[in-house]
Peer 1: 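Pasting in a structure now, in structure tokens, and then I'll have a few things to ask.
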Amino acid sequence: YYKLWAMTAGWTQRKNYGWYQVYSRLAPWCYVAVPGAAWFTFGWWSDDWKKTATLGLYEPPLIHWDSNMTNARSDFVKYHAQYPGIPYK
């Protein structure tokens with residue numbers, strides 16, 4: 001059946017229209033899936049991406065003196081945040 005369908009005239013046009021139908025039905029889920037993925041993966045993002053995604057509103061919750069300041073933390077978190085992890089340079 002596939003070979004018969006593929007040999008008929010206009011196969012490429014029907015194939016492209018089929019993919020258009022699939023994507024047009026999946027497109028509304030972007031409004032739910034993209035923010036949902038961001039919500040569930042936010043903790044894994046670097047501090048710079050968190051600040052970018054929140055339009056500069058992100059402040060790292062570093063209010064304890066025993067926070068681990070490794071190289072994975074950005075300079076903003078180490079020195080320039082409201083409660084910097086390393087309050088001196």
Side-chain angles (χ1 to χ4, degrees):
Y1 178 75
Y2 174 74
K3 286 184 179 182
L4 178 66
W5 186 77
M7 288 187 303
T8 58
W11 176 76
T12 304
Q13 187 176 4
R14 281 195 310 276
K15 182 183 70 150
N16 291 338
Y17 181 73
W19 281 115
Y20 169 77
Q21 287 294 315
V22 169
Y23 290 134
S24 65
R25 290 181 183 174
L26 289 177
W29 284 100
C30 289
Y31 297 111
V32 178
V34 171
W39 175 268
F40 286 110
T41 61
F42 190 77
W44 297 335
W45 297 359
S46 69
D47 295 321
D48 295 329
W49 279 111
K50 289 177 185 177
K51 193 166 178 78
T52 302
T54 59
L55 303 177
L57 296 175
Y58 175 73
E59 276 286 332
L62 296 176
I63 56 173
H64 193 265
W65 60 270
D66 198 21
S67 294
N68 191 10
M69 288 291 113
T70 63
N71 290 336
R73 302 311 296 259
S74 65
D75 285 340
F76 172 76
V77 173
K78 290 179 183 176
Y79 307 113
H80 307 296
Q82 184 178 1
Y83 299 104
I86 303 172
Y88 48 85
K89 276 192 174 182

Peer 1: Do Leu26 and Trp19 share a hydrophobic cluster, counting only Ile, Leu, Val, Met, Phe, Trp and Tyr and linking them when any side-chain heavy atoms are less than 4.5 Å apart?
Peer 2: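 Cluster IDs for Leu26 and Trp19 match.
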Peer 1: Determine all donor-acceptor pairs shorter than 3.5 Å in which one atom belongs to a side chain in residues 32-42; sequence neighbours excluded.
Peer 2:
unit_1, atom_1, unit_2, atom_2, d
Thr41, OG1, Ala37, O, 2.6
Thr41, OG1, Trp45, NE1, 3.2

Peer 1: What's in the same ILVMFWY side-chain cluster as Tyr20, cut-off under 4.5 Å, chained through other members?
Peer 2: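 In the cluster with Tyr20 are Tyr17.
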Peer 1: Please list all pairs passing the salt bridge (charged side-chain N to carboxylate O under 4.0 Å, His left out) test where one or both residues lie in residues 28-49, with sequence neighbours left out.
Peer 2: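 Applying salt bridge (charged side-chain N to carboxylate O under 4.0 Å, His left out) to every pair that reaches into residues 28-49, excluding sequence neighbours, yields Asp47-Arg73.
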